Amino acid sequence: MNSGLSKLGLTHVQFVLLAGIIWLNQGQETVTQAKLAAHAKTDIMMTSKVLRALEQRGLVKREIDAKDTRAKSLTVTQEGEDLTVAAIHIVNRIDHDFFNTLEGAVTDFNSHLLKILEASR
């Protein structure tokens, strides 16, 4: 993923966070760094550091939340959204190419992974 996304100047973590903001904003809720970190299952401090870098590139806006002045609300800029859409195409292609080697066994593979996850809980 990092190799494919590097063509856009993104890491996989940056892509996940950008896509996460877009996804969460569709629910019409205020997206905070804490909500994004929980959604992406990323460390809150690492999330903050990555978001600062994305903000410096003009891909994300971090503003003080109107409801909670301790929190930062997040939005993706138009440039960030355009880049994320381009990244989605790359990620989908990489996923397709990677899992295509399973041919018709993707459903069985997913079923086995779910069994492993359930057993580990």
Side-chain angles (χ1 to χ4, degrees):
M1 281 301 166
N2 278 330
S3 175
L5 290 170
S6 69
K7 297 170 184 145
L8 298 177
L10 290 175
T11 66
H12 188 250
V13 171
Q14 289 172 328
F15 164 72
V16 167
L17 295 180
L18 284 167
I21 296 168
I22 292 169
W23 174 260
L24 291 171
N25 270 324
Q26 289 178 351
Q28 303 298 332
E29 63 181 275
T30 300
V31 180
T32 63
Q33 290 181 177
K35 285 181 187 176
L36 179 61
H39 172 77
K41 296 180 177 41
T42 53
D43 175 77
I44 189 75
M45 295 305 292
M46 186 268 301
T47 299
S48 179
K49 182 178 178 181
V50 172
L51 288 170
R52 265 194 305 277
L54 292 171
E55 182 181 37
Q56 289 172 347
R57 286 183 58 188
L59 303 175
V60 169
K61 287 184 185 175
R62 297 185 321 153
E63 298 169 322
I64 295 174
D65 186 58
K67 295 176 187 168
D68 182 356
T69 56
R70 297 167 298 159
K72 300 270 188 181
S73 67
L74 306 169
T75 55
V76 175
T77 64
Q78 187 60 54
E79 183 182 353
E81 190 168 328
D82 293 344
L83 190 64
T84 304
V85 169
I88 288 169
H89 293 296
I90 290 171
V91 167
N92 286 341
R93 181 184 46 77
I94 291 169
D95 275 350
H96 176 269
D97 292 349
F98 183 81
F99 289 105
N100 196 42
T101 60
L102 294 174
E103 297 172 350
V106 172
T107 302
D108 289 339
F109 177 74
N110 288 339
S111 176
H112 292 302
L113 285 177
L114 286 172
K115 285 180 186 177
I116 292 168
L117 286 173
E118 289 170 10
S120 67
R121 288 186 184 152

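Hydrogens, waters and symmetry mates are skipped; everything else that's a heavy atom, side chains included, is used. Note that this is a predicted model, so its numbers are computed, not measured.
Judged by distance alone, the side chain of Ser73 and the main-chain N or O of Thr30 form no donor-acceptor pair under 3.5 Å.
Applying the side-chain hydrogen bond (donor to acceptor under 3.5 Å, both in side chains) test to Glu63 and every residue at least two apart in sequence or in another chain returns nothing. With sequence neighbours excluded, no residue forms a salt bridge (charged side-chain N to carboxylate O under 4.0 Å, His left out) with Glu81. Judged as a salt bridge (charged side-chain N to carboxylate O under 4.0 Å, His left out), and not counting sequence neighbours, Lys72 has no contacts. The side chain to side chain contact (heavy atoms under 4.5 Å, CB included) check on Gln26 picks up Ile22, Trp23, with sequence neighbours excluded.
Remark: Arg57 CZ to Glu79 CD distance equals 7.5 Å, nearest 0.5 Å. For the atom pair Leu18 CG and Leu74 CG, the distance stands at 10.0 Å (nearest 0.5 Å).
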Under 3.5 Å, which donor-acceptor pairs do the side chains of residues 86-93 form with other protein atoms, sequence neighbours left out?
from  : atom 1 : to    : atom 2 : distance (Å)
Asn92 : ND2    : Ile88 : O      : 3.4

Kindly list each side-chain donor-acceptor pair under 3.5 angstrom involving residues 39-51, sequence neighbours excluded, with atom names and distances?
from  : atom 1 : to    : atom 2 : distance (Å)
Thr42 : OG1    : Thr47 : OG1    : 2.6
Asp43 : OD2    : Met45 : N      : 3.0
Asp43 : OD2    : Met46 : N      : 3.0
Thr47 : OG1    : Asp43 : O      : 2.7
Ser48 : OG     : Arg52 : NH1    : 3.1

Table please: side-chain donor-acceptor pairs of residues 6-17 below 3.5 Å, with sequence neighbours left out.
from  : atom 1 : to    : atom 2 : distance (Å)
Ser6  : OG     : Ser3  : O      : 2.7
Thr11 : OG1    : Gln14 : N      : 3.1
Gln14 : OE1    : Thr11 : N      : 2.8

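Other cluster members for Phe98: Phe99, Leu102, Val106, Phe109, Leu113, joined by side-chain heavy-atom distances under 4.5 Å among Ile, Leu, Val, Met, Phe, Trp and Tyr.
Across all their heavy atoms, Leu24 and Leu36 have their closest contact at CD1-CA, 4.0 Å.
Atom NZ of Lys61 has 12 or fewer neighbouring heavy atoms from other residues, nucleotides or ligands inside a 6.0 Å radius. More than 12 heavy atoms of other residues, nucleotides or ligands lie within 6.0 Å of CG in Leu114, so this atom counts as buried by the packing criterion.
Listed by first and then second residue, the side-chain hydrogen bond (donor to acceptor under 3.5 Å, both in side chains) pairs that reach into residues 95-116 come to none, sequence neighbours excluded.
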